[in-house]
Amino acid sequence: MDSWEAIRAECAACQKCVLGETRHNVVFGTGNPRAPILFVGEGPGEQEDLQGEPFVGPAGRFLDDMLSLIHLERSRDFYITNIVKCRPPRNRDPLGPEQDACIGYLRRQTALMRPRIIVCLGRIAAMRLIKPDFRITREHGQWFTKSGVEMTALYHPSALLRDPAKRPETFEDLVALREKILSVCPQVYEGQKI
Ligand code: URA
């Protein structure tokens, strides 16, 4: 039987790819592992690497603000992690072999969590989890069903920080996400006035 502790311990000792040589901390994931919603980014940035937690830098703060618009709070309503658990140097995209080395951890996290909804943050996560030819500009906010799990992608919060013109579309995607939550896991909002 797999367990969160077993996966965490393996990640902490992992040297399956070169990112293990330069990391300060493995960024395993945070939030509520019993929640029905999983958010997946691409890989830790500088602050995440230093603090050992996902999405704690400027993009993370922006993400928290965005999600508060639809009354989602990470400690209560979702779990959040990345495709790769160690920081790629200078925040470059994680390479195929690095993703391949790391994806097993995310699969095991997902198997334990059994989320109803997976939200990919950005192109890299969407290409890995939804389909290899995912086009973020065209397909963000669309919904896909894989093995009974509802999946979508939002623009990465760093892209939204860089390009505020994308924000109105993301607001629409968030409204659709709230609707999806209300239909497949309404308990998330139970007791909340929305
Ligand atoms: N960007 C990501 O994709 N993940 C993080 O954890 C931080 C920034």
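All ligand and atom numbering here is 1-based and tracks the order in the structure.
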Inter-residue atom distance L161.CG - Y155.OH, 0.5 Å rounding: 14.5 Å
Parallel, tilted or perpendicular: ring planes of F55 versus H156, cut at 30 and 60 degrees: tilted
Atoms of ligand 1 close to G41 [distance to a heavy atom under 4.0 angstrom, numbered from 1]: 3 (O)
Contacts of Y105 that satisfy ring-ring contact (aromatic ring centres under 6.0 Å, His included) - sequence neighbours left out: none
Donor-acceptor contact present, side-chain D163 to main-chain A159, <3.5 Å: no
CH2 on W143 to OG1 on T145, rounded to 0.5 Å: 9.5 Å
Per-residue contact class, E42 against ligand 1 - non-hydrogen pairs under 4.0 Å: both
Which residue and heavy atom of the protein sit nearest atom 1 (N) of ligand 1, plus the separation: H156 NE2, 3.2 Å
Nitrogen or oxygen atoms of A59 and ligand 1 under 3.5 Å apart: no
Nearest protein heavy atom with distance in Å, relative to atom 5 (C) of ligand 1: G43 O, 3.4 Å
Residue P54 vicinity, atoms of ligand 1 by number, heavy atom under 4.0 Å: 6 (O)
Pairing residues for F28 by the ring-ring contact (aromatic ring centres under 6.0 Å, His included) criterion, not counting sequence neighbours: none
Distance from atom 4 (N) of ligand 1 to nearest protein heavy atom, with residue and atom: N82 OD1, 2.8 Å
